[in-house]
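What follows is a set of notes on a single structure, which appears directly below.
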2 protein chains.
Amino acid sequence: MVDIQNDAAERLHSQGGRMTAQRRLILSTLESLSGHPTAEQIYEQARLSDPRLNLSTVYRTLRWLSAEGLVSPQRFEGQQRQGRFDLGQAEAHHHFLCVSCGRVIEFSEPALEVIGAKWGRRLHVRVDGMTLVLRGLCEACRSAGVQATDGGHGEVVSTASMRVGSV
Amino acid sequence: MVDIQNDAAERLHSQGGRMTAQRRLILSTLESLSGHPTAEQIYEQARLSDPRLNLSTVYRTLRWLSAEGLVSPQRFEGQQRQGRFDLGQAEAHHHFLCVSCGRVIEFSEPALEVIGAKWGRRLHVRVDGMTLVLRGLCEACRSAGVQATDGGHGEVVSTASMRVGSV
DNA sequence: CACTTATTGCAAGTCATTTGCAGTAAGCAA
DNA sequence: TTGCTTACTGCAAATGACTTGCAATAAGTG
């Protein structure tokens, strides 16, 4: 459960899959990259270790990992077309997205469980998961004098990220 | 403010734009479609009134409307690549997404303002907006015996939607 | 009713992601 | 260790969702 490499290997095994060098590489790259990298970023990083790795292999692996629930794919609105991937359950955390630089900060908010459950009852639906996305300007962009300009759906100029624990 | 047609016309005017038949058609189609239609769905619906309408015009108009803050674009994760559009501010409401049929139910939850403000302070960022997406099974899919199967990121089989007021 | 130029339709182009296919290599069996 | 089966990979071509260039239209102005 804690070691993704082993977890993935076991899951593969149990469904007649094979643990290949590429999958191992993608997994460890995913572990080494903090933040929410895109498939392309994972590819470029992994390529440093093995230049023969192919982008479609990255996509295929990411897709399998998502289906297994080992990584959670995210799609933020705005100019960014690329999906982002992150180790762990989608439910485990929420995000702040800087509309100027694309930086993502994670946080967890237990109070949302209560809100989700409440709306599940009110709407007569079964709520299996939830994601809260906060949008705005990070400290760096704010002090750099950036202003949000487009009604809340910002153009991302560059990308960076950091991870912040639950408070 | 209340009449989108007029609001849009005024905004266009003030920036040297022109109110065309196409834009009027797209606007009224947007008003007639409840839920969160995709560009394609808006296009198909509008085409019923004027078959000569072009898809790129729909995209262009939707992009302008988004920039003006008159419609809010949404992107839900999962198999859906297409963006969805909705009249009104992104901030005004949140969504429940049925991972089985794609149905979207809106709701508003004032408590989230407080949570957003709290994290703005804690993370030292300026929060301009937020979106909460609840994922799960709607009543219809649940009673139809559908089970979520893929770790929370469902494949959408068909699309439908309804709107629910604030409670 | 001219006339300027924003806007449209159409076709071609992007970009992110997927897929068909033939060659490669896990993992099991002998 | 060697074979063997077939899952997996790399590569190239395809797809889906938009976006863009351009010449033809048509708002809104004088």
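Chain identifiers are assigned alphabetically (A, B, ...) following the order of the sequence lines, protein sequences preceding nucleic acid strands; residue numbering begins at 1 within each chain. As the structure is a prediction and not an experimental result, all values here were calculated from the model.
- One N or O donor and one acceptor, one from the side chain of A:R60 and one from the base of D:dG10, sit under 3.5 Å apart.
- A sub-4.0 Å separation between OP1 or OP2 of D:dT19 and a side-chain N or O of B:Y59 is absent.
- Put simply, CZ on B:F85 is 12 Å from P on D:dA17, counting in whole angstrom units.
- Using a 4.0 Å heavy-atom cutoff across all strands shown, B:L55 reaches no nucleic acid atom at all.
- The distance between atom CD of A:Q74 and atom P of C:dA16, rounded to the nearest whole Å, is 18 Å.
- Between B:R75 and the phosphate of D:dC18, there is a side-chain N or O to OP1/OP2 separation shorter than 4.0 Å.
- A side chain to side chain donor-acceptor pair (under 3.5 Å) with B:H36 is found for exactly one of B:R103, B:R84, B:H95, namely B:H95.
- At the phosphate of D:dT9, neither OP1 nor OP2 sits under 4.0 Å from any side-chain N or O atom of A:T57.
- Not one side-chain nitrogen or oxygen of B:N54 sits closer than 4.0 Å to the OP1 or OP2 atom of C:dT8.
- B:E40 has its CD atom 7 Å from the P atom of D:dA17, to the nearest Å.
- By the 4.0 Å N-to-carboxylate-O rule, B:D128 lies close enough to B:R126 to be salt-bridged with it.
- The phosphate of C:dT18 has neither OP1 nor OP2 within less than 4.0 Å of any side-chain N or O from A:S56.
- At C:dC28, one or more side-chain N or O atoms of A:H13 fall inside 4.0 Å of OP1 or OP2 (strictly under the cut-off).
- Residues from residues 14-29 of chain A that place a heavy atom under 4.0 Å from any atom of DNA chain D, listed by number: A:G16, A:G17, A:R18, A:T20, A:Q22, A:R23.
- Distances shorter than 4.0 Å separate some side-chain N or O of B:R63 from OP1 or OP2 on D:dT20.
- Residue B:Q82 contributes atom CD, which lies 18 Å from atom P of C:dA16 at whole-angstrom precision.
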